[in-house]
Structures are given as structure tokens and as C-alpha cells.
Amino acid sequence: QVQLEESGGGLVQPGGSLRLSCVASGFTLDYGAVGWFRQAPGKEREWIGCISDYTVRRTLYKETVEGRFTISRDSGKKNLAYLQMSSLKLEDTGSYYCAFSNLGGQCSRGEYYYGRWGPGTQVTVAS
């Protein structure tokens, strides 16, 4: 079965850290871009960052998370990617989604670019 699934969400205090995982089943993440998105309560889903395919591994980030969030690929497992979040703020609360695109392997901010999506994992930042 071909699917994508996020894990690692939870409740964290402001200033804390979380690492989300994105696991692919039935395919590998190497030959495409992995994007991360989030949707805060009452807001539209937004792009927060992405990593290009394994040959380049270039990362791009939304300005509000750059320096605090890091996207990476697992060095050994081709079906695993991560979103490391540090210095979390209240406004980082939301559902986090990973998405995969095999349209050339480059990063994109557009949701349309990604054809496979996980169901999301909830991150709540609260004191």
C-alpha cells in the first residue's frame, strides 16, 4: 500500500522542541521533494519548508520558521524524512503534514506540486 504518514506530534511548552517523522510506505522519498505544511486552527494550510531530492538535499524554509526548524532526510532509510522543530512558539500550534512530489525533485511552496500527503499530526504548543 502506498502511503505517507507523519508521527511525533504532541504537546510541548513554549521554547521546547519536537521532531516529526515522515514515513513512506510502498515507495521511497529519495527521488523527489518532501514538503512540510501546517494548518493552524481557523487558518488555511501553509507551506513551512521542503527538501529537494537526495542528490541535492537543498532546503527552503518559510521566514517565520527559518533558524528554528530543520528538514532532513534519514541517512540510511530512503523512506524517512524529518522536521526538527526548536524554540517552539504558541503560534506554531497546528496540524503538520508532510507531502511528497516526484515532479523533478526540486522544492516548491505550492501545494499543487505535491501528489502524496500524510494525514497530519497535531502539534500543540502551550504552557
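Since we're looking at a predicted model, the values are computed, not measured.
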Can you tell me if CZ on Arg57 sees more than 12 non-hydrogen neighbours from other groups inside 6.0 Å? yes

Is a side-chain N or O of Thr121 found less than 3.5 angstrom from the main chain of Glu6, in a donor-acceptor match? no

Trp47 side chain vs Ser108 backbone, donor-acceptor pair below 3.5 Å: yes

May I ask whether Tyr112 and Tyr97 are part of the same hydrophobic cluster, defined by side-chain heavy atoms of I, L, V, M, F, W, Y residues being less than 4.5 angstrom apart, directly or through others? yes

Tell me whether the count of non-hydrogen atoms from other residues, nucleotides or ligands lying under 6.0 Å of CD in Glu91 goes above 12. yes

Connected via hydrophobic side-chain network under 4.5 Å: Val34 and Phe27: yes

Donor-acceptor under 3.5 Å (Tyr96 side chain, Gly8 main chain): no

Test the Arg116-Phe100 pair against the cation-pi criterion, namely NZ or CZ under 6.0 angstrom from the six-membered ring centroid and within 45° of the ring axis. no

What's the shortest heavy-atom distance between Ser17 and Gln84, and which atoms? CB-NE2, 4.0 Å

Leu4-Phe37 co-clustered via ILVMFWY side chain contacts under 4.5 Å: no

Between the side chain of Arg109 and the main-chain N/O of Leu60, is any donor-acceptor distance below 3.5 Å? no

I need the Phe69 CZ to Leu83 CG distance, nearest 0.5 Å. 6.0 Å

Would you say Met85 and Val65 are hydrophobically clustered, going by side-chain heavy atoms of ILVMFWY under 4.5 Å? yes

Whether Ser52 side chain and Cys107 backbone form a donor-acceptor pair below 3.5 Å: no

Tyr82-Asp74 side chain donor-acceptor pair, cut-off 3.5 Å: yes

Side-chain donor/acceptor of Tyr113 to backbone N/O of Leu103, under 3.5 Å: yes

